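First the structure, in the form of structure tokens, and then the observations on it.
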Protein chains: 2
Amino acid sequence: MVISARVHYACVAMLELAIQHDDGAPVAIREITDRHGIPGPFLVQILRSLRALGWVQSIRGSQGGYRLSVDPTTITLLDIAEAIGSQEAGCRTEGKGTPIATMLQEQWDDAADASRSILGQATLSGLVERTQQGDASMFYI
Amino acid sequence: MVISARVHYACVAMLELAIQHDDGAPVAIREITDRHGIPGPFLVQILRSLRALGWVQSIRGSQGGYRLSVDPTTITLLDIAEAIGSQEAGCRTEGKGTPIATMLQEQWDDAADASRSILGQATLSGLVERTQQGDASMFYI
DNA sequence: AGATACTTGACTAAAGAGATCATATTTATA
DNA sequence: TATAAATATGATCTCTTTAGTCAAGTATCT
């Protein structure tokens, strides 16, 4: 479960789109890159991947941008990390199937599963709710 | 928590030394590389790091080899992974401290902590016991 | 003396991460 | 119908890390 910049940016983008999911207007790349300091052309690449997954929809031309095309309650950070991140989440042992290697592999798998379990519970909609509550609480301090 | 080949090999080596910890005789590199198919010079590199940490002791000359120089009940896979693996376990966000980025970072940290928690419970002695029980059970089938 | 085994430092090849660029193409709107 | 605002696409590039290699040296047992 390696969280690369690519994965992180993909999650940021999905969350931004989830926040504005109810608005009809699409969100321009510029809006996201400006807000988060993400290199523009890099985010373009990432959004292409997200579109290929069918998770976002692009609208070309003036006033164009991106829109979430899935239900934000069904997508988790785990989904994004596994789809965008490098394949092979675990560690390839490959050597020989010695008892030690086998048992170690189980430990690596257990550790990876523990991470996955956390990220698999974090839905886009859940996180959006959290950020908005977090924002609101700032006014009460 | 990236488990590279380097970390995996380091754990294999530490476990091999832990198994033969009670014997007086040191373990030769060849013994470990032959058993696990690890590239010899690579394991040498790794053992150097382990020695620098004070976890193993080397005996030069004929009949030489390596010996564990710490109590195997006190070292966990987490210790090895963090010492041998690349520094910076988590994900550096760096961008801007937007609410979304901050909250995402918390999720990455939570996920990493979950992994660390698993690996932090796996002591060398505990794992040695497990492998030996695993081996023993093969005779009962 | 000779075989065995560790020591040390430098070096290399391949892969992945993180972009960056130039050149289309599409569409709203003035 | 221009034109500006956006996305589309494919190629390319640099840097770092990972994994592994090599050569020459030193210590110790028998």
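In this text, all values refer to a predicted model and were calculated from it rather than measured experimentally. Quick note on labels: first sequence line is chain A, next is B, and so on, each numbered from 1.
Listed by residue number, there are no residues of residues 13-21 of chain A with a heavy-atom contact under 4.0 Å to DNA chain C.
At D:dA6, none of the side-chain N or O atoms of A:Ser58 fall inside 4.0 Å of OP1 or OP2 (strictly under the cut-off). Taking only side-chain nitrogens and oxygens, A:Arg30 never comes nearer than 4.0 Å to OP1 or OP2 of D:dT7. Here B:Ser86 reaches the OP1 or OP2 of D:dT18: one of its side-chain N or O atoms lies under 4.0 Å away. Dashed line: the shortest gap from a side-chain N or O of A:Arg67 to OP1 or OP2 of D:dA6 is not under 4.0 Å.
Taking atom CD1 of B:Ile3 as the reference point, atom P of D:dT18 lies 12 Å away to the nearest angstrom. Here the P atom of nucleotide C:dT27 and the CD atom of A:Gln57 are 12 Å apart, to the nearest Å. Atom CG of B:Leu47 is separated from atom P of C:dA5 by 15 Å (rounded to the nearest Å). Rounded to an integer number of Å, the gap from A:Leu43 CG to C:dA19 P is 11 Å. As rounded to whole Å, 13 Å separates atom C1' of C:dT20 from atom CD1 of A:Ile46. Taking atom NE2 of A:His8 as the reference point, atom C1' of C:dA19 lies 16 Å away to the nearest angstrom. Distance CD (A:Glu31) to P (D:dA5): 16 Å, rounded to an integer number of Å. Atom CZ of B:Arg48 is separated from atom P of D:dA19 by 18 Å (rounded to the nearest Å).
Interatomic distance, B:Arg35 CZ to A:Thr98 OG1, rounded to the nearest 0.5 Å: 8.5 Å. A distance of 12.5 Å separates CG in A:Leu78 from OG1 in A:Thr123, rounded to the nearest 0.5 Å.
Looking at B:Asp23, its side chain never comes within 3.5 Å of a backbone N or O of B:Ala25 through a donor-acceptor pair. Side-chain atoms of B:Arg67 come within 3.5 Å of backbone N or O of B:Gly24 as a donor-acceptor pair. Formation of a donor-acceptor pair under 3.5 Å by the A:Ser69 side chain with backbone atoms of A:Gly54 is found in this model. A distance-only check finds no donor-acceptor pair linking the side chain of A:Asp34 to the backbone of A:Glu31 [under 3.5 Å].
Among the atoms of the strands shown, only primed sugar atoms or phosphate atoms (P, OP1, OP2) are found under 4.0 Å from some heavy atom of A:Ile29.
Of the residues A:Leu127, A:Ile46, A:Leu50, the one that meets the side-chain contact (heavy atoms from CB on, under 4.5 Å) test with A:Met14 is A:Leu50.
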| request: Dump the intermediate steps for side-chain contact (heavy atoms from CB on, under 4.5 Å) on A:Gln132 and A:Val128, then the final yes or no. | output: CA-CA 6 Å; A:Gln132 284 169 348; A:Val128 166; 3.8 Å; yes
| note | In 5'-to-3' order, the base (B), backbone-only (S) or no-contact (-) status of each nucleotide in nucleotides 20-30 of chain D, using a 4.0 angstrom heavy-atom cut-off, is BB---BBBBS-
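Listed by first and then second residue, the ring-ring contact (aromatic ring centres under 6.0 Å, His included) pairs involving residues 65-84 of chain B amount to none (not counting sequence neighbours).
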